[in-house]
Number of protein chains: 2
Amino acid sequence: MEVTSRAKKPSRSATIVEVATAANVSIGTVSRYINGLSVRKPEQIRAAIEELGYFRNALAGSIRSRATKTVGILVPNFDEFHARILAGTANHLRQAGYSALTVTYADTANSLSEAVDFLVGHRVDGLIVGNLSAENKSLAKVFQTGMPMAFYNTHPDGWSVDRVEVENCDVTTRAMEHLIDIGHTHIGIVTGTIGQRPHDERLRGYRNAHINAGLPIDPALQQPGNGTRREGYEAANRLMSASPQPTAIFSSNYQMTIGVLQLLRERNIRIPDDISLISFDDVDLFALLDPGITVIAQPLADIAKEVTRVMLERLSAQQMVPPVSVRLDCNIVLRGSTRPPKKAD
Amino acid sequence: MEVTSRAKKPSRSATIVEVATAANVSIGTVSRYINGLSVRKPEQIRAAIEELGYFRNALAGSIRSRATKTVGILVPNFDEFHARILAGTANHLRQAGYSALTVTYADTANSLSEAVDFLVGHRVDGLIVGNLSAENKSLAKVFQTGMPMAFYNTHPDGWSVDRVEVENCDVTTRAMEHLIDIGHTHIGIVTGTIGQRPHDERLRGYRNAHINAGLPIDPALQQPGNGTRREGYEAANRLMSASPQPTAIFSSNYQMTIGVLQLLRERNIRIPDDISLISFDDVDLFALLDPGITVIAQPLADIAKEVTRVMLERLSAQQMVPPVSVRLDCNIVLRGSTRPPKKAD
DNA sequence: TTGTATGCGTTATCAT
DNA sequence: ATGATAACGCATACAA
C-alpha cells in the first residue's frame with residue numbers, strides 16, 4: 001500500500017452521520033451495516049466508509065448499549081507465568097467476540113486501586129484477576145456491584161466468587177516423597193510469601209510429606225523467599241549455611257528458583273551431585289539447564305482455558321448461578337536435578 | 001474490609017447525576033470535584049460517591065472531551081523481550097498521566113487489522129507499535145489520519161514516522177570479529193525472517209565481518225530460523241550437518257537460540273568445547289546456563305524510555321514537528337560460550 | 001465557585 | 001429494511 005500523504009494534525013475521525021450523508025442513507029442503516037445486519041445498499045455504505053476513513057467509535061457505542069464486549073484482566077506483571085495465561089485468555093476471549101483489556105498493578109494497594117478504577121471506568125463487562133490474595137477496597141466495591149469476576153491461582157478470603165486454582169498441597173507432598181524415597185532426610189524449602197494461599201498450601205504439602213514419613217520438621221530448613229529472585233537467592237544462601245546442610249531444596253516458584261540456581265552456582269554447589277533441586281513452575285529455562293530441573297508444572301493452558309470459560313459462562317448467565325470453583329492438577333516432571341544424597345562422610 | 005453482600009446481577013453503576021442529586025449540588029460541580037478542581041463542599045460529594053458506589057464512566061467522558069489519555073500499544077506477543085518493554089512503557093506513561101491499552105496480534109494481516117481497529121475504535125491518543133515491519137492496510141489508514149505513532153525495533157519502509165531502533169549491524173560485526181579474532185573461520189548464522197529490517201541488518205553485520213576479514217561467505221552456513229524456537233532448532237540441525245561443520249554459531253534472536261541450545265544438547269555437542277555460541281538478546285536464561293551464553297544485549301529499559309518519551313513529546317506538540325529517529329547501541333556481554341576452536345584433527 | 005444547557009457519536013425504539 | 005428521534009453519561013461553555 002502506498003503511503004503518500006499524512007495529515008499534519010490528528011484529524012477528527014468521520015462520524016456515522018457523515019457516512020450516512022455520503023451514502024445517502026440514515027444513520028440507523030449505517031449502524032446496522034456496521035453491525036453485520038442486512039441492508040439494501042451495502043456497497044454504497046462500504047464505499048462511503050472507505051472514502052471518509054471512518055472508524056467506528058467504540059466508546060460512544062458502549063455508552064448507549066451498556067456493553068463493551070471487553071473483559072478486564074488484572075495481573076501483577078508480564079512474567080512468563082502470566083504472559084502465557086494472558087495469551088491463552090486473550091485468544092479464547094477473542095473467539096467469543098470479546099476483547100481483553102490488560103492492566104498490571106504494582107505491589108501497592110494504591111496501584112491496584114488505580115488499575116481497578118481504570119478497568120471499571122472503561123466499563124469492562126467482566127474482570128479476570130490473577131494471583132491476587134490481599135483484599136483491596138476498590139476491588140471489594142466493584143465486587144459488591146455484582147461485576148462478573150473470576151480469579152485464577154488465588155482469591156481473597158471469604159469471597160464467594162468464580163475461581164480457577166491448582167492443587168498445590170498434595171502435589172508438593174508427592175514431590176517431597178520422591179525426594180524422601182530416594183534417601184533425602186534434610187530437605188530445605190524456599191517458601192513464597194506466607195499468607196498467600198498457594199504458598200501456604202505448598203508449605204503445607206512440604207510439611208505433610210515430612211509428617212507422613214516421620215521426619216522432623218526443621219525450622220532452619222524453611223526459609224522465606226517472598227516469591228522474588230533476589231530473596232530466593234538469599235533464602236538459598238541461608239539454607240546452605242544451615243547445619244546440617246540440606247541435601248535437597250524445594251523452591252516454591254520459578255522466580256525464586258532462578259535465585260537459588262544463581263546462589264548454587266556462585267558457591268560452586270553442583271546439581272545433582274552436591275544437592276538435589278525441585279522447583280514449582282516449569283519454564284523453558286529449566287528444561288535446558290544441565291541437568292534439567294525437576295519441576296511441578298502448572299497447567300497454564302488449562303488455567304487460561306478454564307478461567308475464560310468460567311467468565312464467559314458468567315457473562316452469558318441469564319440469572320444468578322452460584323460461583324464455580326475449578327481445581328486443576330499439576331504434573332511432576334522428573335528431570336536430572338534429583339538424585340540420592342551423597343553418603344555422609 | 002468486610003464483603004458482606006453482593007448484588008445478584010451486575011447493577012448499573014450510579015451516574016454523575018445521581019451523585020449530584022445525593023450531594024445536593026449540580027453535575028457541573030461534581031464533575032469538577034472528580035477532576036480535581038476546587039469546590040465548596042467536597043466532603044458532601046465524596047460521601048455521595050462513596051455511598052452510591054459511583055465509578056466515573058471514562059467512555060462517556062472521552063466521547064465528549066475527544067481525549068482518552070490512553071496510548072495503544074501493539075505487540076506481537078508477551079514474550080520476555082516485549083514484556084520488559086511493556087512494563088517500562090506502561091510505567092512511564094502512567095507517570096505522565098496516560099494509561100496503556102495493550103493488544104497483541106497474531107501473524108495474520110487480519111489479526112493485525114482487528115487489533116488496530118480495536119485501538120482506534122477506543123480512540124487512543126497515540127499508538128506505539130513494536131516489531132512491525134510489514135505494511136498493513138488498517139495501520140496505513142490510521143497513519144494517514146495523523147494519529148501520533150511511534151515504532152520500536154522496526155517500522156514499515158518509507159514511512160516518515162517516529163521510531164526507536166537499535167544498531168544491529170555494527171554490533172553484530174563486532175561480535176563476529178570477536179569470534180574471528182580467537183580463530184574461528186567457519187561461523188554459522190541462524191537468521192531471523194529475512195525481509196525484517198533488524199534481521200536483515202544482523203545478517204549484514206555477519207557478512208561484513210567476513211568481508212572485512214577476507215573470509216569466504218558460505219551459503220550453507222546461513223540458515224533461516226524465522227525467529228521461532230522450533231525453526232531455530234531446525235536451522236541449527238542443518239548447520240551441524242553442513243560440511244565443514246561450523247565451529248561457532250551466531251543466533252539472531254533469543255527464541256531461536258533456545259532452539260539451538262536444544263539441538264546442541266540433543267546431539268551432545270558441548271559449549272564451548274565443541275562449538276562456540278553467541279546470541280542476540282539477553283535473557284535470564286543465558287546468564288544461568290553453564291557456561292553462560294555470550295550475547296548482544298539490547299537496552300530494553302532504554303528502548304521503553306525513549307519510545308515513551310518520543311510519544312509523549314509528539315502528543316504534547318502543538319504543531320507539526322518532523323519525525324524523530326532514535327538509534328540505541330547494544331552491548332556485547334562476554335560470557336563463557338565462546339572459545340577458540342578445537343584444532344582440526 | 002455554581003448551575004444550566006448543549007454537544008459528543010453511537011445504539012435502541014418505533015412507526016413506517 | 002428504513003428513517004427519525006430519544007437516550008446514554010459526561011465535559012464544557014456560558015451566564016449567574
Side-chain angles (χ1 to χ4, degrees), chain A residues 10-46 48-49 52-70 97 99 117-125 145, chain B residues 10-46 48-49 52-70 97 99 117-125 145:
Chain A
S11 60
R12 197 183 103 297
S13 172
T15 72
I16 200 174
V17 179
E18 301 174 63
V19 172
T21 304
N24 258 311
V25 292
S26 73
I27 61 171
T29 304
V30 176
S31 177
R32 293 199 320 264
Y33 169 83
I34 293 169
N35 292 293
L37 303 181
S38 62
V39 295
R40 194 150 3 237
K41 318 172 246 185
E43 178 49 31
Q44 281 186 31
I45 302 177
R46 195 206 56 71
I49 288 175
L52 295 171
Y54 168 78
F55 279 90
R56 170 175 175 276
N57 187 329
L59 277 44
S62 296
I63 258 189
R64 181 66 172 99
S65 68
R66 328 182 83 83
T68 54
K69 279 290 183 177
T70 293
S99 299
D117 286 351
F118 178 80
L119 292 173
V120 178
H122 282 74
R123 292 299 187 267
V124 293
D125 296 335
T145 67
Chain B
S11 60
R12 199 182 104 292
S13 173
T15 72
I16 199 173
V17 178
E18 301 174 63
V19 172
T21 305
N24 259 312
V25 293
S26 72
I27 63 168
T29 304
V30 176
S31 175
R32 293 199 320 265
Y33 169 83
I34 292 169
N35 294 293
L37 302 182
S38 62
V39 294
R40 197 153 357 240
K41 319 172 242 185
E43 178 49 32
Q44 281 185 32
I45 301 177
R46 197 206 56 73
I49 288 176
L52 295 172
Y54 168 78
F55 280 88
R56 172 175 175 278
N57 187 329
L59 278 44
S62 296
I63 229 190
R64 180 72 172 89
S65 68
R66 330 184 78 85
T68 54
K69 279 289 182 179
T70 293
S99 299
D117 286 350
F118 178 80
L119 292 173
V120 178
H122 282 74
R123 291 300 185 266
V124 292
D125 295 335
T145 67

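Each chain gets a letter, A, B and so on, in the order its sequence line appears, and its residues count up from 1. Being a predicted model, the structure only gives us computed values, none of them experimental.
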So what does B:Ser62 hit on the nucleic acid, given a heavy-atom distance under 4.0 Å: a base, only sugar-phosphate, or nothing?
nothing
Rounded distance (Å) that lies between atom [atom2] of [N] and atom [atom1] of [X]:
X	N	atom1	atom2	value
B:Asn57	D:dA7	CG	P	18 Å
A:Ile16	D:dA6	CD1	P	17 Å
B:Leu59	D:dG9	CG	P	12 Å
A:His122	D:dC10	NE2	P	13 Å

Rounded distance (nearest 0.5 Å) linking atom [atom1] of [X] with atom [atom2] of [Y]:
X	Y	atom1	atom2	result
B:Asn57	A:Ser62	CG	OG	9.0 Å
B:Ile16	B:Leu52	CD1	CG	12.0 Å
A:Gln44	A:Tyr33	CD	OH	11.5 Å
B:Tyr54	A:Thr145	OH	OG1	14.5 Å
A:Arg123	A:Thr70	CZ	OG1	13.0 Å
A:Ser99	B:Phe118	OG	CZ	4.0 Å

Taking the side chain as C-beta and beyond, is there a heavy-atom pair between A:Ser31 and A:Ile27 under 4.5 Å?
no
Taking the side chain as every heavy atom from C-beta outward, state whether A:His122 and A:Thr68 have any atom pair closer than 4.5 Å.
no
What one should report as the nearest heavy-atom pair of B:Asp125 and B:Lys69 is OD2-N, 2.6 Å
Looking only at heavy atoms, what is the nearest atom pair of A:Ile63 and B:Ala60, with distance?
CD1-CA, 3.2 Å
Sorted by position of nearest nucleotide on DNA chain C, 5' first, the leading residue of A:Ser65 and B:Ala60 is B:Ala60
Looking at A:Arg123, does any N or O in its side chain come under 4.0 Å of the phosphate oxygens OP1/OP2 on D:dG9?
no
Can you find a side chain N or O atom of B:Arg12 that sits less than 4.0 Å from OP1 or OP2 on D:dG9?
yes
Along DNA chain C, 5' to 3', what are the outermost nucleotides having an atom less than 4.0 Å from a heavy atom of chain A?
C:dG9 to C:dA12
If only side-chain N and O atoms count, and only distance matters, is there a donor-acceptor pair under 3.5 Å linking A:Ser26 with A:Thr29?
yes
Going by modelled atom types, is there a donor-acceptor pair between the base of D:dA7 and the side chain of A:Arg64 at under 3.5 Å?
yes
Proximity to DNA chain C (any heavy atom under 4.0 Å), residues of residues 18-36 of chain B only
B:Val25, B:Ser26, B:Ile27, B:Gly28, B:Thr29, B:Arg32
How sharply is the helix from C:dT1-D:dA16 to C:dT16-D:dA1 bent, taking the axes over five pairs at either end and rounding to 10 degrees?
30°
